[in-house]
Amino acid sequence: MKPSFSTSAIPFRRQMAAQVFMGVRSICEYMRIGPSTFYTWTRGYEFPATRTPDGRWMTCTALIDGWIGNRLDQQRQDANEQESRTNHA
């Protein structure tokens with residue numbers, strides 16, 4: 001019998017050494033997003049990137065993966081709260 005599928009079997013966080021990204025292009029390649037999405041996320045969603053003194057954007061895998069995890073946790077919490085409100089109404 002085939003074992004049932006479990007989400008715990010799929011690791012969420014990438015298992016690799018922290019890598020630093022310099023520049024929007026390298027950050028976008030890692031995230032698989034376009035530059036406009038990157039700028040939207042930095043302005044409106046607290047994406048963990050900072051500008052260096054020479055004006056380039058910089059971040060690392062640990063910060064990005066932590067941000068993704070926090071956003072996912074918040075979305076799950078919001079969904080649970082919404083579900084509990086609709087069940088009690």
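The structure presented is a predicted model; accordingly, all values stated were derived computationally and were not measured.
Under the side chain to side chain contact (heavy atoms under 4.5 Å, CB included) criterion, R76 pairs with L72, D73, not counting sequence neighbours. In this view, Q74 and D78 satisfy the side chain to side chain donor-acceptor pair (under 3.5 Å) rule, not counting sequence neighbours. Scanning for side chain to side chain donor-acceptor pair (under 3.5 Å) contacts around Q75 gives an empty result, with sequence neighbours left out. Looking at residues two or more places apart in sequence or on another chain, you find no salt bridge (Lys or Arg N to Asp or Glu O under 4.0 Å) involving E83.
For S26 (side chain) and F21 (main-chain N/O), no donor-acceptor pair under 3.5 Å exists by modelled atom type.
Both I33 and W67 are assigned to one and the same hydrophobic cluster, defined by single-linkage of ILVMFWY side chains at heavy-atom distances under 4.5 Å. Residues I68 and M58 do not share a hydrophobic cluster, clusters being chains of Ile/Leu/Val/Met/Phe/Trp/Tyr side chains in contact below 4.5 Å. No single ILVMFWY cluster, assembled from side-chain heavy atoms under 4.5 Å apart, contains both V24 and L63.
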Please tabulate, for the side chains in residues 39-53, all donor-acceptor contacts under 3.5 angstrom to protein atoms that are two or more places apart in sequence or on a different chain.
| unit_1 | atom_1 | unit_2 | atom_2 | d |
| --- | --- | --- | --- | --- |
| T40 | OG1 | S36 | O | 2.9 |
| T42 | OG1 | F38 | O | 3.3 |
| T42 | OG1 | Y39 | O | 2.8 |
| R51 | NH1 | G55 | O | 3.3 |
| T52 | OG1 | D54 | OD1 | 2.2 |
| T52 | OG1 | R56 | N | 3.2 |
| T52 | OG1 | R56 | O | 3.2 |

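Expressed to the nearest 0.5 Å, how far OH of Y30 lies from CD1 of I27 amounts to 11.5 Å. To the nearest 0.5 Å, atom CD of residue Q19 and atom OG1 of residue T59 are 11.0 Å apart. Between the CD atom of E29 and the CZ atom of R25 there is a distance of 7.5 Å, given to the nearest 0.5 Å.
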